[in-house]
Number of protein chains: 2
Amino acid sequence: MAKFKLDEVDHQILDMLIENTRIPFTDIAKKLLISAGTVHVRVKKMEEAGIIIGSSLTLDYGKLGYSFIAYVGVFLNKTSQTTFVLERIAQIPFVTVAHVTTGKFNIFCKIRAKDTNHAKNIIFLLDDIEGVYRTETMISLEESINDKKRLMHSIFQDLV
Amino acid sequence: MAKFKLDEVDHQILDMLIENTRIPFTDIAKKLLISAGTVHVRVKKMEEAGIIIGSSLTLDYGKLGYSFIAYVGVFLNKTSQTTFVLERIAQIPFVTVAHVTTGKFNIFCKIRAKDTNHAKNIIFLLDDIEGVYRTETMISLEESINDKKRLMHSIFQDLV
DNA sequence: GGTGAAACTTCTAATAA
DNA sequence: TTATTAGAAGTTTCACC
């Protein structure tokens, strides 16, 4: 996987777009003292290079009534069942992330729910999947850090 | 926390914007057979209500050379040190998410790194924080599910 | 609530430097 | 690679349903 070289201007553009994808290119151009056309060309290049995959809204799920977050570690009877179990997990609503992992768990999920009772139902669905031996739940009491901009800065400082 | 009522049209608008925040309102309007002005007003209302917090780019960090993902559980000597330790964690680069959790760990982090060696350095920084008793790392072999659209659908089906 | 059209802003691609 | 430019496209407002 070839590494794409980002220069300072690319970094600044990404920085602003990570914070707000709808910021006009003209605004970015003004701040960086370049032309809007340049911003356009650079963004297009990063899209073509596959650096920028897409864009998404950030929603306040709490305001919609879904403020419960938990991580669920899944233990399997046999590792060979991983693919099968993942397919089943993909059918369960409110599972937002799933990773195959080394270490303690075989599969590691993140769920978002209304409350503990709602979460219980989701976890029961996970437990019920054939091949799942047991699960272990960690409830999030507080999401302290969740910042894409931080990662971008870490990467850019690292690359320099 | 008051729950905001989303109707079918709001849901469809969010659905399209979650997939691509830069899709023109005129396109959304065409697909939903409403006017662009209506889309604009609805989005504005959801922004004012705090449902839509912002928008962000999705980047391929792998293409930038950062394809290593791990979850790190942190054990503390005393729970009362949580705030202090979180402040320290916030200083460590490449830690992208941190939660205070119940269950096995006191704090739960997600990190993104270049490779195992790079990750090791990050984990050592976590281990070195005063009050951290030990850490436990789970390396992601594969991110199988990571889909905001799924969550939106789960929520909307639940609300109906 | 929503519409449609006007006024305004931004995007985008071609040209030129 | 970047700037300029100009026509196309998108956004936003508002009088009127």
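Proteins come first, then strands; the chains are lettered A, B, ... in the order of their sequence lines, and each starts at number 1. Reckoned from all heavy atoms, side chains included, excluding hydrogens, waters and symmetry mates.
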Hey, is NZ on A/K149 packed in by over 12 heavy atoms from elsewhere, all under 6.0 Å?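 Yes, NZ of A/K149 has more than 12 neighbouring heavy atoms, counting only those of other groups under 6.0 Å.
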Between [X] and [Y], what is the ring plane arrangement, given parallel below 30°, perpendicular above 60°, and tilted in between?
X: A/F108; Y: B/F108; answer: tilted
X: A/H40; Y: A/F25; answer: tilted
X: A/Y71; Y: B/H99; answer: perpendicular

Nearest to the side chain of B/F25 - C/dA13, C/dT10, D/dT12?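 Comparing C/dA13, C/dT10, D/dT12 against the side chain of B/F25, the answer is D/dT12.
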Toward the 5' end of DNA chain C, by each residue's nearest nucleotide, A/K30 or A/K44: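 Taking each residue's closest nucleotide, the earlier one in sequence belongs to A/K30.
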What is the separation between atom [atom1] on [X] and atom [atom2] on [N], rounded to the nearest whole Å?
X: A/L6; N: D/dT1; atom1: CG; atom2: P; answer: 13 Å
X: A/N20; N: C/dT10; atom1: CG; atom2: P; answer: 13 Å
X: A/D27; N: D/dG10; atom1: CG; atom2: C1'; answer: 15 Å
X: A/E47; N: C/dC11; atom1: CD; atom2: C1'; answer: 13 Å
X: A/I28; N: D/dT2; atom1: CD1; atom2: C1'; answer: 16 Å
X: A/E48; N: C/dT12; atom1: CD; atom2: P; answer: 12 Å

With a 4.5 Å cut-off on side-chain heavy atoms, are B/V132 and B/L76 touching?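 Yes, at least one pair of side-chain atoms sits under 4.5 Å.
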Taking OP1 and OP2 of C/dT12, is either one under 4.0 Å from a side-chain nitrogen or oxygen of A/H40?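 Indeed, a polar side-chain atom of A/H40 lies that close.
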Under the 3.5 angstrom rule, does the side chain of B/T101 hit a backbone N or O of A/S140 as a donor-acceptor pair?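 Here the side-chain-to-backbone pair does not exist.
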Please tabulate the protein-to-nucleotide N/O contacts below 3.5 Å involving nucleotides 1-5 of chain C, giving atom names and distances.
unit_1 : atom_1 : unit_2 : atom_2 : d
C/dG1  : O5'    : B/K45  : NZ     : 3.3
C/dG2  : OP1    : B/R42  : NE     : 3.4
C/dG2  : OP1    : B/R42  : NH2    : 2.4
C/dT3  : OP2    : B/S35  : N      : 3.0
C/dT3  : OP2    : B/S35  : OG     : 3.1
C/dT3  : OP2    : B/T38  : OG1    : 2.5

